[in-house]
Engineer: 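Can you keep this structure in mind? I'll have questions shortly.
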Amino acid sequence: MTINKLDRRNFLKASTLVGGGLMLEFNFVSMVSAEELGTLVGSKELNVFVQIASDGKITIYSATPEMGQGVKTALPMIIAEEMGAKWADVEVIDAPLDADKFGSQGAGGSTSIPENFDTMRKMGASAREMLIGAASETMEVDRGELEARDSIVVHSSGESLTFGQLAALAVKQPLPDPEMLSFKDPRSYTIIGTTVGGVDNLVIVTGQSQFGIDVDIPGMHYASYTRCPRIGGVAISFNEAEIVKLPGITQTFILAPNDRADIAPGSFGEGVQGGVAIVGEDTWSVMNAKSKLEIKWDESAASHDDWERMILKAQQIADKGDGEITLKGANVDQAMTDSNNKTLESFYQFPYVAHVCMEPMNCTAHFKKGNGSEPDAMELWIPSQYPGDVKDIAENILGVKKENVKVNPTRMGGGFGRRGIHDFASEAMAISHHSGLPVKLTWTRTDDIHNDFFRVGGFQNMKAAINENGKLVAWNQHYIGFAKEGKPVSGSGLGGNEFSMVALDNARVSQTMMPVQTPCGFWRAPGANTNAFVEQSFLHELAVLAEKDHVEFLLELMGSRRWIREGDINTLNTGRAIDVIKRAAEASGWGRSMPVGTGLGFSFYFCHAAHVADMLLKLRRYRLMKIAILESIK
Amino acid sequence: MAKYEITVNAVKQIVEASPDMPLLWVLRDKLKLTGTKYGCGIAQCGSCTVHVEGEPVRSCMLPISAVSGSVTTIEGLADGGNLHPLQTAWIDHDVPQCGYCQSGQIMSAAALLANNRTPTDTDIDEALAGNYCRCGTYIRIRAAVHSAASYYRADEQTETHAIDAENGGAS
Ligand code: FES
Ligand code: FES
């Protein structure tokens with residue numbers, strides 16, 4: 001989404017390019033047309049993201065899906081800051097899904113702020129420049145003598161005009177050249193860096209906020225869907241006569257699998273898995289009927305993945321030695337066999353885990369059959385991290401043309417990566433299509449866990465050698481993970497930014513991938529969320545072996561202050577790591593004596609451009625009492 | 001199907017439902033009060049917490065036929081235009097992340113504060129032990145409950161003073 005070359009011509013022309021800045025550009029174009037603006041009663045739209053009404057009310061559109069990460073508050077804060085708006089004057093409203101105006105509207109990978117920051121502040125600064133231009137004209141003073149703050153433009157003499165007073169005139173100002181915009185010094189920020197509170201807090205605490213699961217549309221029926229307990233099995237028959245007679249049930253039927261590979265490249269399986277749909281008058285009736293289903297399954301193509309067997313196989317692989325080498329580590333073998341050195345080997349494992357968003361997966365779909373003149377159409381209400389993606393799925397599984405699919409994004413009760421994959425929407429669409437009714441499909445919590453795209457489990461066999469001085473002289477890390485169609489699944493494997501990067505010639509990294517059928521997906525910092533555990537735990541085992549204090553051992557490993565690849569924020573900067581470790585140790589009182597039965601823990605990890613230290617301040621019988629985190633980001 | 005008369009947020013409602021339909025779905029699907037959330041359906045997560053006669057209950061496991069007494073949901077917690085002290089405290093502490101669990105958290109906390117104006121951390125943790133928050137807002141929840149308790153106490157003091165003043169300060 002980053003727009004690198006946002007020069008004025010691009011700015012005006014780039015409306016069909018993918019990117020967060022498009023909305024601004026688009027509206028700057030439309031802004032030139034006064035007639036169009038005339039239709040906005042009482043408010044002047046400076047650009048798509050910002051409207052200033054003559055009463056001073058500032059409306060900022062939020063186009064990025066909100067799932068609790070706070071982006072609906074944070075992105076408008078950036079605009080407001082750069083504009084010089086008073087936060088209390090700002091109202092944030094959800095933007096509809098509109099790729100032409102807003103570019104790609106998605107949220108994932110912890111990127112919403114870094115990718116949109118620049119665009120947002122350009123919008124804010126553009127609005128500010130136009131307001132200042134309007135004030136300079138009205139007051140007949142030099143622009144340089146004016147400053148925008150607290151929703152007013154104030155002259156050095158003290159004279160001022162409110163944004164509301166200036167709005168109408170601001171629209172007529174020439175469009176600022178994005179390349180010529182100047183930005184506030186971060187030290188003068190009054191909104192960014194403060195706690196303003198989530199813009200939806202009031203509606204949330206009064207029970208008024210609309211999550212996907214709360215959607216209610218005219219004529220809506222409710223649906224449940226039941227898949228094979230063994231992943232990939234297909235329903236053949238079921239006790240239909242009995243189910244349809246249960247209270248509140250309207251229809252029940254089998255859906256054939258519709259999971260074409262072209263639906264979701266990367267073999268996610270975003271289509272429909274063969275199963276049984278129940279449609280009824282309320283959620284409880286369809287959930288109750290679901291519990292009474294007796295289904296005959298064809299399990300011939302179903303998964304036989306078995307965690308216990310995976311563990312055994314991984315252990316056998318580890319015993320055989322290294323896997324496919326990704327980092328050679330020239331000195332490793334010699335250090336491992338040197339009789340003066342102490343060695344250690346540990347086999348780590350981490351399980352498959354589900355996302356368990358607090359709001360179970362759900363989607364409301366309304367399929368409208370076309371007739372001679374009208375094509376088939378679909379309307380959806382969906383809590384999704386990438387709501388626009390559903391249009392392709394509708395086209396692929398049901399043949400409803402993309403342009404006839406309308407998507408209404410809703411707030412999400414958690415996402416964590418799960419809501420970037422839309423199998424639940426496929427089911428809702430297919431059920432509406434088959435039943436001819438608008439339906440809200442709500443998964444039970446059991447469905448939600450069973451049908452997950454799991455955080456992949458895996459194994460790491462760790463070996464290391466310590467010399468007489470307690471120095472780490474060899475590190476051999478064998479990752480044993482999972483692949484589908486020969487490609488590691490999301491989160492399986494080691495990236496280039498793991499601990500081994502500080503040891504280089506003394507570190508060897510290899511991997512072996514085992515085939516898996518279980519669906520795997522993105523889960524909060526894929527890879528890092530398991531690799532941190534393994535590496536940092538093993539480092540602690542080594543510190544014990546070296547008879548060294550853990551923090552001291554970590555600092556020694558970091559060595560001299562250097563950036564592994566100068567300028568690449570995705571590589572460790574040992575200097576920053578040292579600072580973070582030292583500050584964290586100091587802040588936690590590392591090394592102080594602790595009451596009997598409690599202890600301190602410490603770990604440091606680098607990922608997503610962040611250097612992070614965790615201090616477990618007290619550990620009583622393996623119960624975590626308190627955790628403190630120190631981060632240095634970007 | 002049978003007819004049930006229940007009082008929800010001080011309004012009498014007649015609903016037609018199977019006797020075993022849990023109150024949760026009566027509220028959400030029949031009465032369109034969707035502030036009360038579904039999280040598990042088996043009394044494990046607390047998202048569906050409402051009050052029946054002031055007591056916190058998991059509405060996902062309470063059949064409509066067993067509802068005896070008036071029901072209060074998150075929508076009815078505020079006193080007209082005046083937010084409940086917990087709602088104010090939730091905003092002051094910026095508690096919600098995704099927000100999905102918060103109705104249940106607030107309803108459980110409200111039941112605690114109704115009986116205990118000076119809860120300790122342990123009291124709060126115990127009262128809210130059955131309310132999960134997948135986003136992990138527990139620390140802010142605890143701080144907000146303490147604040148709400150203090151707002152309550154401040155209010156009550158003001159009320160007492162007002163009464164004292166009426167009595168000419170006699171007490
Ligand atoms: S939905 Fe009732 S406790 Fe989870
Ligand atoms: S705020 Fe998201 S589950 Fe609690």
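Keep in mind that this is a model prediction, so the values were computed, not measured. Labels below follow one simple rule: chain letters A, B, ... track the order of the sequence lines, proteins then strands, and each chain is numbered from 1.
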Engineer: Name the option with the most non-hydrogen atom pairs under 4.5 Å to chain B; the candidates are A/Pro247, A/Gly413, A/Ser285, A/Cys357.
Structural biologist: A/Gly413
Engineer: Can you tell if the side chain of B/Tyr38 reaches within under 4.5 Å of the side chain of A/Ile213, non-hydrogen atoms only?
Structural biologist: yes
Engineer: Using 0.5 Å steps for rounding, measure from the CH2 atom of B/Trp90 to the CG atom of A/Asn201.
Structural biologist: 11.5 Å
Engineer: Rounded to the nearest 0.5 Å, how far does NZ of B/Lys37 lie from CZ of A/Phe211?
Structural biologist: 5.5 Å
Engineer: Output yes when a side-chain donor or acceptor of B/Arg134 lies under 3.5 Å from a complementary backbone atom of A/His355, and no otherwise.
Structural biologist: yes
Engineer: Determine the option with the most heavy-atom pairs under 4.5 angstrom with chain A, choosing from B/Pro96, B/Ala17, B/Ser47.
Structural biologist: B/Pro96
Engineer: With a 6.0 Å cut-off (strictly less than), is the heavy-atom count around OH of B/Tyr132, excluding the residue itself, greater than 12?
Structural biologist: no
Engineer: Tell me, out of A/Met358, A/Met412, A/Arg445, who's got the most heavy-atom pairs with chain B below 4.5 Å.
Structural biologist: A/Met358
Engineer: Under the side-chain contact (heavy atoms from CB on, under 4.5 Å) criterion, do B/Glu75 and A/Thr206 qualify, and how do the steps go?
Structural biologist: CA-CA 6 Å; B/Glu75 290 93 340; A/Thr206 50; over 6 Å; no
Engineer: Identify which part of B/Asp20 has an atom lying under 4.5 Å from any heavy atom of chain A, answering side chain, backbone, both or neither.
Structural biologist: both
Engineer: Taking the side chain as every heavy atom from C-beta outward, state whether B/Gln102 and A/Val205 have any pair of such atoms under 4.5 Å apart.
Structural biologist: no
Engineer: Side chain, backbone, both or neither: which part of A/Glu359 has a non-hydrogen atom closer than 4.5 Å to chain B?
Structural biologist: both
Engineer: In terms of side-chain geometry, is the basic nitrogen of B/Arg28 or A/Asp214 positioned less than 4.0 Å from the acidic oxygen of its partner?
Structural biologist: yes
Engineer: Minimum heavy-atom separation for A/Ile204 to B/Cys98, with atom names?
Structural biologist: CD1-O, 4.2 Å
Engineer: Under 4.5 Å heavy-atom distance to chain A, tell me which part of B/Ile139 shows up: side chain, backbone, both or neither.
Structural biologist: neither
Engineer: Decide yes or no for A/Pro360 and B/Tyr100: does some side-chain heavy atom of the first lie under 4.5 Å from some side-chain heavy atom of the second?
Structural biologist: yes
Engineer: I need the B/Trp25 CH2 to A/Asp282 CG distance, nearest 0.5 Å.
Structural biologist: 9.0 Å
Engineer: Starting at CG of A/Leu202, measure out to CD1 of B/Ile91 and round the result to the nearest 0.5 Å.
Structural biologist: 4.5 Å
Engineer: Relative to chain A, which of B/Lys30, B/Met1, B/Lys32, B/His93 shows the most heavy atom pairs under 4.5 Å?
Structural biologist: B/Lys32
Engineer: Nearest 0.5 Å, please: how far is SG in B/Cys60 from CH2 in A/Trp284?
Structural biologist: 13.0 Å
Engineer: Identify which part of A/Thr444 has an atom lying under 4.5 Å from any heavy atom of chain B, answering side chain, backbone, both or neither.
Structural biologist: both
Engineer: Between B/Met21 and A/Asn288, is a side-chain contact (heavy atoms from CB on, under 4.5 Å) present by the stated rule, with each step listed?
Structural biologist: CA-CA 9 Å; B/Met21 180 183 288; A/Asn288 178 49; over 6 Å; no
Engineer: Looking at A/Gln208, A/Met287, A/Glu66, which one has more heavy-atom pairs under 4.5 Å with chain B than the rest?
Structural biologist: A/Met287
Engineer: Using a cut-off of under 4.5 Å on heavy-atom pairs, state which of A/Gly207, A/Gly198, A/Gly70, A/Ser209 scores highest against chain B.
Structural biologist: A/Gly207
Engineer: Return the option, out of A/Met220, A/Met67, A/Arg411, A/Gln69, with the maximum number of heavy-atom pairs under 4.5 Å with chain B.
Structural biologist: A/Arg411
Engineer: First locate atom CG of B/Asp29, then atom CD of A/Glu281, and finally report the distance between them rounded to the nearest 0.5 Å.
Structural biologist: 11.0 Å
